[in-house]
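Written below as structure tokens is the structure these notes are about.
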Amino acid sequence: MERAAIVGIGQTKAAGRFKEFNYPELVYPAVVAALEDAGITIDDIDNVITTSNDFWDGRTIASMATGDVSGCWDRNISCVEGDGAFGAFYGMCRCLSGHYGTTLVTAYSKGSESISAYITNAAFDPIYVRSLGLDMVSACALQARRYMDRHNISEEQCAVVSSKNHRNALGNPNAHLHLDLSVEDVMGSRMICDPLKLYDCSPVSDGAVAVVIANEDRARKIGGKPAWIKGVSFCMDNYLLGDRDLAEYSALEKAAKKAYAAAGISDPRKEIDVAEVYDAFSYQELMWTEGLGLCEQGGGGKLAESGATGKTGDIPVNPSGGLLASHPVIAAGLIRIAEAVRQIRGEAGDMQVDKDVRTALAHGVNGVAGQSHCVWILGKE
Amino acid sequence: MSNVWESVEPRVYESQIKVPYAWQAGETASRFLLTLKNEKKFLGKKCPKCAKVLMPPRKVCPYCFVETGDWVDVSDEGVIETFTVARRDTGIMPLKPPFVYAVIRLDGADTGLVHLLGEIEPGAVRAGMRVKAVFAEERTGKILDVEHFKPV
Ligand SMILES: [Zn+2]
């Protein structure tokens, strides 16, 4: 396969409410930072992929509204509706198509400007489901219960994830929440949808992120510290919750298997140095570490309890604090990619894991309760 | 950045998007919903390839990418696969919290139905419990013609 690399990353701080910027304006500082980071100008960008969701933006054909702040004028631009990791997949494909040497990928949302339950409720089928009032939190609670029952996962094991990630976020200057939470703090937080308590759930944040992807030729010319794309794949499960066994994650397993095969990874636990996974809820980090093959099925709780996924563990997961500390919807998966790039470069500051990072994993999710998964393997060379 | 608001105050434009829709249920869901309304019965549809009984019924099997075949009667009783107690009022709920959502596998179906539980203390609900549909007095051909499921 032709090679491509991520040559620039930029993001805004995630926040509960950005008043200084309206929602398209929020994208601009992320794009400027990504270009600066790559050491290029907007003139070096051959095409642009924006990632957004019209409901979150409150505007249809939202990509048109963020064109100006993404340098789209007079350029080829397309939009991916969903999570930023999927937008980046399309951006990479365009670089590999031979038509474009570089793609700028953006992802953003301002959750503060709407009501998340209204928006996620509209994701459900209007004939069979929507009038029940289900939203992302209640649907994921159904998944959490099913998964925890199947594998005897305790609420404490989920709380370990939340405490770890919130404490990791203390070292992340871009994080929305900086909370020094203990397992007891998480366990003592208010029940939202059993078994999910307040601190088992990610916040809804404002934030934007941008990355520059380049094909090999252009990446060599740009220089800097490219993070090479070693393997990437995504896979989707069924739409209706009742069509899925919510304790299972076959779509993630399939996506991971393909990404690992492309990257030549046979033992992910040993060969992946750090993973940034889509922990929209604490239990999801447990499920996804299983689905990614970092431990055996049902072993996510024990893996977290052992400390292995801590910043100094043998397979650090979410040293940035993950979504539990910052969740700009749509941007979250692309932020995982940016964080993985930082780790590979050794530029993650207080988040940097305690080993030489040669291979990093980034993971994005689209749809309700992990319906669709996108797995990225990035490497130093 | 911090003193931006010394010379100008933040303006917020409050609005909402309100778009009327009229979603056609289609032939398959229409038959299912009318049977709920008129006969208080659940119908599933069987996939000719994987033999799964899909309930609620779909025109196309989500597993096999083939058109589903025969209509199959499904029981109004089944088992709770998973559940949650919704405790925070989101403003779009059909009941006042706390109340219980569940995925219920009806006898004779191979897929689950997301619905509401009633006539039980939220704290007493467990996966594996058997439940039965309670139909609304006034039925209009909607999924909420089933008011909730109650313990058997
Ligand atoms: Zn089938």
Side-chain angles (χ1 to χ4, degrees), chain A residues 17-22 54-55 57-60 113-122 124-150 190-198 201 237-247, chain B residues 1 4-5 10-13 15-17 19 21 23-26 29-30 32-33 52 54-58 61-63 81-95 97-105 109-116 122-123 125-128 142-144:
Chain A
R17 172 161 300 161
F18 265 116
K19 293 185 183 176
E20 303 92 316
F21 308 108
N22 63 36
D54 291 359
F55 266 56
D57 288 4
R59 192 180 306 203
T60 56
E113 297 187 344
S114 186
I115 301 172
S116 64
Y118 282 57
I119 293 172
T120 60
N121 173 253
F124 293 95
D125 178 66
I127 311 293
Y128 287 147
V129 186
R130 198 181 295 173
S131 59
L132 300 170
L134 223 60
D135 68 347
M136 185 64 84
V137 180
S138 47
C140 287
L142 291 170
Q143 181 175 46
R145 177 82 280 148
R146 179 81 169 162
Y147 163 71
M148 291 163 71
D149 280 355
R150 172 77 52 85
R190 165 168 67 92
M191 193 64 89
I192 303 287
C193 268
D194 306 38
L196 303 179
K197 296 171 289 297
L198 179 67
C201 307
D237 203 342
N238 274 326
Y239 174 52
L240 291 190
L241 295 178
D243 286 352
R244 295 165 53 190
D245 184 332
L246 291 172
Chain B
M1 193 73 80
V4 161
W5 305 118
R11 304 300 300 156
V12 178
Y13 179 70
S15 179
Q16 63 175 318
I17 294 179
V19 186
Y21 287 88
W23 286 294
Q24 296 291 340
S30 293
F32 169 78
L33 293 169
K52 281 192 169 80
L54 306 168
M55 200 294 304
R58 257 64 54 71
C61 176
Y63 305 96
E81 284 191 335
T82 184
F83 68 96
T84 182
V85 185
R87 296 180 187 274
R88 186 185 53 167
D89 196 343
T90 58
I92 46 167
M93 292 170 151
L95 298 173
F99 67 91
V100 183
Y101 285 115
V103 178
I104 298 149
R105 176 79 63 105
D110 292 300
T111 60
L113 177 73
V114 183
H115 217 285
L116 308 164
V125 180
R126 295 290 178 271
K142 292 196 292 243
I143 198 70
L144 281 169

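Naming convention: chains lettered A, B, ... in sequence-line order (proteins, then strands); numbering from 1 in each chain.
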Heavy atoms of other groups near A:F124 CZ, more than 12 under 6.0 Å: yes
Roughly how far, to the nearest 0.5 Å, is the CD atom of B:E81 from the CZ atom of A:R145? 14.5 Å
Non-hydrogen atoms of chain A under 4.5 Å away: do they reach the side chain of B:F32, the backbone, both or neither? side chain
As an exercise: rank B:L95, B:V103, B:V85 by heavy-atom pairs under 4.5 Å with chain A and give me the winner. B:V85
Is it the backbone or the side chain of B:A102 that comes under 4.5 Å from a heavy atom of chain A, or both, or neither? backbone
Counting heavy-atom pairs closer than 4.5 Å to chain B, which one of A:L196, A:L142, A:L134, A:D125 comes out on top? A:L142
Interatomic distance, B:T90 atom OG1 to A:I115 atom CD1 [nearest 0.5 angstrom]: 9.5 Å
Under the 3.5 angstrom rule, does the side chain of B:Y101 hit a backbone N or O of A:C193 as a donor-acceptor pair? no
Hey, are A:D149 and B:R126 close enough for a salt bridge, meaning a charged N less than 4.0 Å from a carboxylate O? no
Given A:L132, A:I127, A:D135, the one with more heavy-atom pairs under 4.5 angstrom with chain B than any other is A:L132
Sidechain-backbone polar pair: B:T84 side chain, A:A141 backbone, donor-acceptor under 3.5 Å: no
Selection from A:A139, A:A247, A:S131, A:P195 maximising heavy-atom pairs under 4.5 Å formed with chain B: A:S131
Measure B:L33 against the heavy atoms of chain A and call it side chain, backbone, both or neither at under 4.5 Å. side chain
About how many Å separate OG of A:S138 and CZ of B:F99, when rounded to the nearest 0.5 Å? 7.5 Å
Using the side-chain contact (heavy atoms from CB on, under 4.5 Å) rule, pick out the option among A:L241, A:D243, A:L240 that qualifies with B:T111. A:D243
Can you list everything that forms a side chain to side chain donor-acceptor pair (under 3.5 Å) with A:D57? Sequence neighbours excluded, please. A:Y108
Listed by chain and number, what are the salt bridge (charged side-chain N to carboxylate O under 4.0 Å, His left out) partners of B:K52, not counting sequence neighbours? none
Which of the residues A:E113, A:R146, A:R190 is involved in the greatest number of heavy-atom pairs with chain B at under 4.5 angstrom? A:R146
Residues B:R88 and A:V137: closest non-hydrogen pair is NH2-CG2, 3.9 Å
From A:N121 CG over to B:M93 CE, what is the distance, rounded to the nearest 0.5 angstrom? 9.5 Å
So does B:V114 get a backbone contact from the side chain of A:Y128, meaning a donor-acceptor N/O pair under 3.5 Å? no
Max heavy-atom pair count under 4.5 Å with chain A, selected residue of B:G128, B:P10, B:A29: B:A29
I'd like to know which of B:K142, B:M55, B:R87 tops the heavy-atom pair count under 4.5 Å against chain A. B:R87
First locate atom CZ of B:R58, then atom CG of A:N238, and finally report the distance between them rounded to the nearest 0.5 Å. 7.5 Å
Heavy-atom contact with chain A under 4.5 Å, split by part of B:Q24: backbone
For the atom pair CD1 (B:I92) and CZ (A:R130), what is the distance rounded to the nearest 0.5 Å? 10.0 Å
